[in-house]
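In what follows, a single structure is set out as structure tokens and then discussed.
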Number of protein chains: 2
Amino acid sequence: MNVLLRAELLKRVSVVSFKRGEVIIDANKVNTKSYYILEGLTRTYFLKAGKEVVEYFSSENEWANSPRSWRSGKPDIYSVDAIENTSALCIHVDDMIFLFNTFPELDKYGRLSMITLLDHLIERVASFRFTTASEKYIHFKQTYPLIHHRIPLGMVASYLGISQETLSRIRMK
Amino acid sequence: MNVLLRAELLKRVSVVSFKRGEVIIDANKVNTKSYYILEGLTRTYFLKAGKEVVEYFSSENEWANSPRSWRSGKPDIYSVDAIENTSALCIHVDDMIFLFNTFPELDKYGRLSMITLLDHLIERVASFRFTTASEKYIHFKQTYPLIHHRIPLGMVASYLGISQETLSRIRMK
DNA sequence: ATGATTTTTTGATCCAGGTCAAAGGAATTC
DNA sequence: GAATTCCTTTGACCTGGATCAAAAAATCAT
């Protein structure tokens with residue numbers, strides 16, 4: 001990696017930790033930071049008719065953030081909290097923008113992230129559109145072998161769009 | 001628009017027409033072309049357990065293509081055919097690539113298309129995840145006021161992920 | 001037009017998975 | 001280690017929408 005880039009990164013990034021259950025991003029506030037998980041596990045969720053709906057999980061080497069909030073400068077619907085004690089790199093959006101502007105080689109990384117996101121969404125559409133509850137669960141375990149057992153059942157159910165009771169019954173074979 | 005770009009475009013684009021029902025892109029063949037609809041309506045679909053599943057419709061000023069096929073050089077799952085008599089601009093991927101390489105100002109257009117696609121996918125996830133059959137239909141009519149009545153019921157049902165019978169009953173109030 | 005084909009509607013039946021309610025289990029807290 | 005809180009399982013019941021089948025309506029080709 002470019003030496004200058006590394007130097008700028010170190011200058012702009014800090015390490016933060018959160019205890020299990022702690023709120024990392026609050027949907028009621030403007031969020032201007034992005035978190036790159038070093039260790040631990042987070043869940044991004046929003047409220048729908050008073051219930052928490054899980055949008056996705058982030059674990060080691062993944063991002064947790066609220067991009068629409070930092071782009072718009074307003075609160076967005078998503079909150080993030082820690083499922084486990086979690087440590088992460090924290091970077092302010094302004095620094096992020098500075099880095100992207102200063103180091104065009106980062107564009108490749110940005111484009112790649114976008115494609116990863118696209119693939120993920122395409123798969124989610126297919127999941128909700130075509131698969132049964134137990135297919136969803138089997139696929140989830142295959143896709144996230146390292147984290148699926150670290151997440152409370154109810155959150156997995158919410159992520160998969162099925163009820164906790166149904167998922168419990170499925171898991172009991 | 002850049003005069004040079006306009007000239008290059010004209011050189012590389014041709015107008016083609018298709019009769020209702022005619023196949024525009026065949027999932028069994030490698031596809032190297034993109035179509036920009038001038039007039040008419042197409043449907044992009046794939047086969048799932050022997051049944052045609054509609055992925056999306058394209059009408060005036062929208063694209064119909066098979067991007068994974070032209071990127072991979074192999075056939076992809078998607079076929080496209082004409083719901084109405086349709087005329088379109090046709091451009092070969094190689095020319096597309098040439099234009100993007102030659103005119104960097106097109107990148108903005110590319111990025112915008114990507115974001116449009118992202119938004120569309122996000123909405124589709126939400127649709128399949130949270131909405132009832134009749135909400136889907138109401139939303140579809142609102143979103144596509146200009147084309148919803150031009151598409152056979154069964155195709156709309158397939159696009160929305162509900163059965164034709166159910167959609168028929170919904171439409172009868 | 002008229003017969004053929006495609007599309008839509010209607011009826012009957014069925015089931016995956018939701019909801020509600022309550023009881024068990026596990027994990028934290030003091 | 002008892003108490004509180006959270007998480008998971010189990011049971012009973014219900015419903016939206018799928019499927020199958022067939023009639024009715026619309027559209028097309030000759």
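Order of the sequence lines sets the chain letters (A, B, ...), proteins ahead of strands, with each chain counted from 1. Predicted, not measured: the structure shown is a model, and the values here were computed from it.
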What is the distance, to the nearest angstrom, from the CE atom on B/Met172 to the P atom on C/dT7?
17 Å
Please tell me if A/Arg171 has a side-chain N or O lying less than 4.0 Å from either OP1 or OP2 of D/dT9.
yes
Just the rounded figure in Å: distance from C1' of C/dT7 to CE of B/Met155.
10 Å
Each nucleotide N or O in nucleotides 16-23 of chain C that has a protein N or O under 3.5 Å away: list the pair and distance.
residue: C/dG17; atom: OP1; partner: A/Ala133; partner atom: N; Å: 2.7
residue: C/dG18; atom: OP2; partner: A/Ser163; partner atom: N; Å: 3.1
residue: C/dG18; atom: OP2; partner: A/Ser163; partner atom: OG; Å: 3.0
residue: C/dG18; atom: OP2; partner: A/Thr166; partner atom: OG1; Å: 2.7
residue: C/dT19; atom: O4; partner: A/Arg169; partner atom: NH2; Å: 3.4
residue: C/dC20; atom: N4; partner: A/Glu165; partner atom: OE2; Å: 3.1

A/Asn31 side chain to A/Ser69 main-chain N or O, any donor-acceptor pair under 3.5 Å?
no
Rounded off to whole Å, could you give me the CG-to-C1' distance for the B/Leu153 and D/dA25 pair?
13 Å
Determine yes or no for a side-chain-to-main-chain donor-acceptor pair under 3.5 angstrom, with B/Ser34 supplying the side chain and B/Asn65 the backbone.
no
When rounded to whole Å, the NZ to C1' distance for the pair B/Lys19 and D/dA29 reads 15 Å
Could you state the CD1-P distance from B/Ile83 to C/dT7, rounded to the nearest angstrom?
11 Å
Is B/Ser168 close enough to C/dT9 that one of its side-chain N or O atoms is under 4.0 Å from OP1 or OP2 there?
yes
Should B/Arg20 be listed as having a side-chain N or O under 4.0 Å from OP1 or OP2 of D/dT27?
no
What is the distance, rounded to the nearest whole Å, between atom OH of B/Tyr137 and atom P of D/dG17?
15 Å
Atom NZ of residue position B/Lys136 - does it have more than 12 heavy atoms of other residues, nucleotides or ligands inside 6.0 Å?
yes
Around atom CZ of B/Arg150, are there more than 12 heavy atoms of other residues, nucleotides or ligands at under 6.0 Å?
yes
Assess A/Arg12 against A/Phe98: is NZ or CZ under 6.0 Å from the centre of the six-membered ring, and within 45 degrees of the ring's axis?
yes
Hey, is B/Arg129 close enough to A/Glu55 for a salt bridge, meaning N to O under 4.0 Å?
yes
